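See structure below.
Keep in mind it's a predicted model, so treat the numbers as computed, not measured. Residue numbers begin at 1 in each chain, while the letters A, B, ... track the order of the sequences.
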There are 4 protein chains.
Amino acid sequence: MHKVTKIGVLTSGGDSPGMNAAVRAVVRTGIYHGIDVYGINRGYSGMVENDIVKMESRSVANIIQRGGTILKTSRSKEFMTPEGRQKAYNNLKALGIDGLVVIGGDGSFNGAQVFSNEFDIPCIGIPGTIDKDIAGTDFTIGFDTAVNTAVEAIDKIRDTMDAHDRLFVVEVMGRDAGYIALHSGIATGAENIIVPEAKTDIEEIIKSLTEKEKRKKLVNLIVVAEGGEFGGADEVGKLIKSRIPTADVRVCILGHIQRGGSPTCFDRLIASRMGFHAVECLMLGKNNVMVGVVNNRMHYTPLNAAVKAKEKFNKDWLKIVKILAS
Amino acid sequence: MHKVTKIGVLTSGGDSPGMNAAVRAVVRTGIYHGIDVYGINRGYSGMVENDIVKMESRSVANIIQRGGTILKTSRSKEFMTPEGRQKAYNNLKALGIDGLVVIGGDGSFNGAQVFSNEFDIPCIGIPGTIDKDIAGTDFTIGFDTAVNTAVEAIDKIRDTMDAHDRLFVVEVMGRDAGYIALHSGIATGAENIIVPEAKTDIEEIIKSLTEKEKRKKLVNLIVVAEGGEFGGADEVGKLIKSRIPTADVRVCILGHIQRGGSPTCFDRLIASRMGFHAVECLMLGKNNVMVGVVNNRMHYTPLNAAVKAKEKFNKDWLKIVKILAS
Amino acid sequence: MHKVTKIGVLTSGGDSPGMNAAVRAVVRTGIYHGIDVYGINRGYSGMVENDIVKMESRSVANIIQRGGTILKTSRSKEFMTPEGRQKAYNNLKALGIDGLVVIGGDGSFNGAQVFSNEFDIPCIGIPGTIDKDIAGTDFTIGFDTAVNTAVEAIDKIRDTMDAHDRLFVVEVMGRDAGYIALHSGIATGAENIIVPEAKTDIEEIIKSLTEKEKRKKLVNLIVVAEGGEFGGADEVGKLIKSRIPTADVRVCILGHIQRGGSPTCFDRLIASRMGFHAVECLMLGKNNVMVGVVNNRMHYTPLNAAVKAKEKFNKDWLKIVKILAS
Amino acid sequence: MHKVTKIGVLTSGGDSPGMNAAVRAVVRTGIYHGIDVYGINRGYSGMVENDIVKMESRSVANIIQRGGTILKTSRSKEFMTPEGRQKAYNNLKALGIDGLVVIGGDGSFNGAQVFSNEFDIPCIGIPGTIDKDIAGTDFTIGFDTAVNTAVEAIDKIRDTMDAHDRLFVVEVMGRDAGYIALHSGIATGAENIIVPEAKTDIEEIIKSLTEKEKRKKLVNLIVVAEGGEFGGADEVGKLIKSRIPTADVRVCILGHIQRGGSPTCFDRLIASRMGFHAVECLMLGKNNVMVGVVNNRMHYTPLNAAVKAKEKFNKDWLKIVKILAS
């Protein structure tokens, strides 16, 4: 076993539900192994500005069910400079910290990698993002919660959509990843899903909507990923309106509700497991790896490979959208 | 007792959660009293187009917990014409319908009033709108659900707001009424609430935000009614941004999620009670009245008085916003 | 205005969702008026044992949406003795506390009354109990949340009940009050409701169940208040089983889930308003009164009248149960 | 491609949330491929009693989000006899049904296997049970929803547990499988989990509870699987009470709420995918296999191997319970 005595933990980038469960797991696993654990506030900013506090077991009591992150998060410009990272290193060194757990997305991992290459503090990454677009893991902390929040919201929209026989274009988050759109779209029986990962035949959509409009039955749900090929829901709504001027098109952008809320069981579980294993990784002398879940088992990926995943979607899934909504 | 043998029931205007509970109550109370009940689809449109079906007790089984309206709803242009209303009357008359229950807002009541003045079919109104802006009742069906949906959504937004120390401007529904904003704003601890019913000192808000921004602590929640004095959340967000260019302002428009979802206990209860009493009203020979709840008791208001309520807000409530968010 | 400089606030008896919102309102309203506010932990126990902490505005940040009570609660035996109360008084006096806000039910109010009669510290009560059985107020903090929790749970039970065509007996809380049973029963379309406030014709229930069983359609929901005339759900279930041995009877006791969870908008609002007005009461020199809500307005009741309400239920409501479930 | 022209679909055994999504997928995939689909009501009972209806695409509209099963379910004694199965076969044959999809648990699969061995109608199984104890699939339809329902309920219980510093013993479902207990226990930060799959050191639990009781800090959450080694929560509660007579022990049995409710995104997705692939299996000429999900991919298991899974739990998971709750 590698000798680790003091570790820091931080959350960085966009927050996601379940980050608190991961922080709790890192803190308590560390303490269990006799390691001092320090919470670094506001991501790399707190590292640079020495906003760091010692965590006790009770510091993380009653947070497993809370959205957001008690350590707060931010994007730090200063950490992107060599001077900023030097300051951050000095702060950690002054406290005797000899290991770091970074909970965040690919941008945060990039920072961790640069830092651990420059200095003698090993870094372990935990994938925390609602976008689920990190290579080396089947799931990221927060995705399951975000997608369930989207589904519950769209279920509500469907109530009013059905009451009025209307066309709704609903935008979900995910930046340039379409996972939230794909999963929530299938789960809510969306007629169409527009995602960055697949080519959308917009003419086919317009054609089917036009036919419905002719039959005075333009009740239709389109779920759009924010980074879709035609832009977000506003753009898609305008595009449809320009082609079918009589259509009664409603646009909903679900927005930041998808980032908050009490995490699902699944997110709490993977966060707990990842936090637990991140500490074990440091104790095993690992560095520059991300702890992920692949095929329901823990999986380790070099941070430089834990980049944005650029996958094509499984064809079966897109076929399912088409056939089941019919 | 007035002899009523066949009644029609319809939902009209914007849908609201709990309308199904009201329909169920009308149908089952009618059947209990030996009255045939007909469901008129898509509001007045179905009346004009003769889209009317006989309802049985089981037609309304298992709907008390559903959002939307099984009778669907719409706004009918044809019903606004004398010809349209004549067609509607002929359709009802052909079926022998001698009483009508209209579930909707002030626009729908207006239609009911014109209709019952022109023809010999008495009309009873039930206030169904999420906006809670009808005179003659303390509550309207759907308001409690909508405001809880808004609260749950804003709770989630607060998670991410706190994680990032950000300024959020959240827009809730209510058209030109600020009840949803007032209630959800207090319930979520909003720092500021902008509603049509009260004058907003925008300079004071800008000043306090500017001070927070100087202290690098611009975490603040502003809840805006869609019909607020400065426009919706987009406009308020731009206004703040123009005055505090460094501010990181996020805008969320909660939108149509507030119209759907399973109704709360409260909405199911008032809907059940109102539906029950609407049928009794017809049996008592009443006409042109709305069934409301005032001081927890049933209350009857002439339809021509059941218009948009234009109340000033209780000063205590606005004081509470200010003091409690501090 | 009466001069008040330091007040204490405590939660006592069974906890209820929304107590935190009331604590927050007391703390922030006090601070706004220049009053020091002390949080007394674990109800009267903390008063006796001097477990008292000064509260700041931020002590109550981010709690309006939390169930439970951050001040914790308990039932104190020592406070029931003159010696215990003397100790409690000495502790308050040592801190200079000259006003007390007690959030709880009738038992807690009784303690407050005895205390304020013995000593020169005025007490204001805020009704916090899920049971809604306090005279002098239309609503108590926590009732709306508890009843919505019960409704959501029973909705889920109905899913499986309908899938199997089964008879379910569901017990809800409320001790010797039937409000939760009455409200949740109507809202979930229960066929029968058994509450302490009304005589139940059990033979009629058995008869209707027997007929359903004969038709092999024994799908039926009975909601029972825990203090019902035949006991709780277990007893009612056994009674039915003894009379209809072939019946497939399932019993669910919803239990403590009804005490927790994020409070509804309504509970947060009345809690905020009551907390705000409780402090104003102390400033106005009032003593020994409970702050309640009657007909949507604040209402003050002497603590000795704020006892268990023993009302007969409105006959219309019981008629509604019968007619609508048919 | 095998020629399939008419298929039947049924739900059998205990219901689970997501069954409707599977039914919808079977119906719409069948129709898409030009196959007639028949819904068989009440499981094998409807097959024996010829309670079978033709399904259209719209028969399954708006059900993906509903708990329970629109086809209803039951356990049929008659189908266990050769005569019953012969009747069932005759009914299917009369309709020309040449393929069957059975959604249920291992008992239901057993019936399907016997039936398809006796007669020339191929059967495909889809694992629908909240217990997640079927070999050949990582997940069963309903487990994710049930475990999230349990987590939400226990979160509420924790609110009141923390307010009172109490000991709660909470029983979750799962029959002789402990997955719901294990997952919900970790996700709610339970101090102890008692499951059939692992030996529980009850003396160690009693010892730690006794110490807490001595320090007057007996706040502790124990999650018990209904089929645990010491019985359910009632038995565990009594056992603790007998050993620590002063302890204030509360027991909650979550019960049937875990079977109902709107399915999670995950359950809707796997149900949709399994339903889609079950029809494809019949078209490929497969028989007597269960469609499962292993490592996020579709996986086919002979029905006679799709029995109750008897796995030991991963040691890491049990270690996580211990370390993280500390």
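- Only the side chain of B:Asp162 has a heavy atom closer than 4.5 Å to any heavy atom of chain C.
- Ranking B:Ile64, B:Leu269, B:Val151, B:Ile186 against chain C, the residue ahead of the rest is B:Leu269, based on heavy-atom pairs under 4.5 Å.
- Side chain of C:Ser262 to backbone of C:Gln65: a donor-acceptor contact under 3.5 angstrom is found.
- A side-chain donor-acceptor contact under 3.5 Å links C:Ser16 to the backbone of C:Ile141.
- Annotation: the span from B:Thr29 atom OG1 to B:Ile7 atom CD1 amounts to 8.5 Å, rounded to 0.5 Å.
- Within the 4.5 angstrom heavy-atom criterion, no atom of B:Phe143 approaches chain C.
- Taking the centre and axis of the six-membered ring of B:Phe276, the NZ or CZ atom of C:Lys319 falls outside the cone set by 45° and 6.0 Å.
- For the pair C:Glu226 (side chain) and C:Gly174 (backbone), a donor-acceptor distance under 3.5 Å is present.
- Ranked by heavy-atom pairs under 4.5 Å with chain C, the first of B:His33, B:His183, B:Arg273, B:Glu152 is B:Arg273.
- Residue with the most contacts toward chain B among C:Ile31, C:Val27, C:Asn62, C:Asp144: C:Asn62 (heavy-atom pairs, distance under 4.5 Å).
- In terms of heavy-atom pairs under 4.5 angstrom with chain C, the leader among B:Ala61, B:Ala150, B:Ala25 is B:Ala25.
- Atom-to-atom distance recorded for C:Cys265:SG and B:Asp155:CG is 10.0 Å, nearest 0.5 angstrom.
- Looking at C:Arg58, there are no atoms closer than 4.5 Å to chain B (heavy atoms on both sides), in backbone or side chain.
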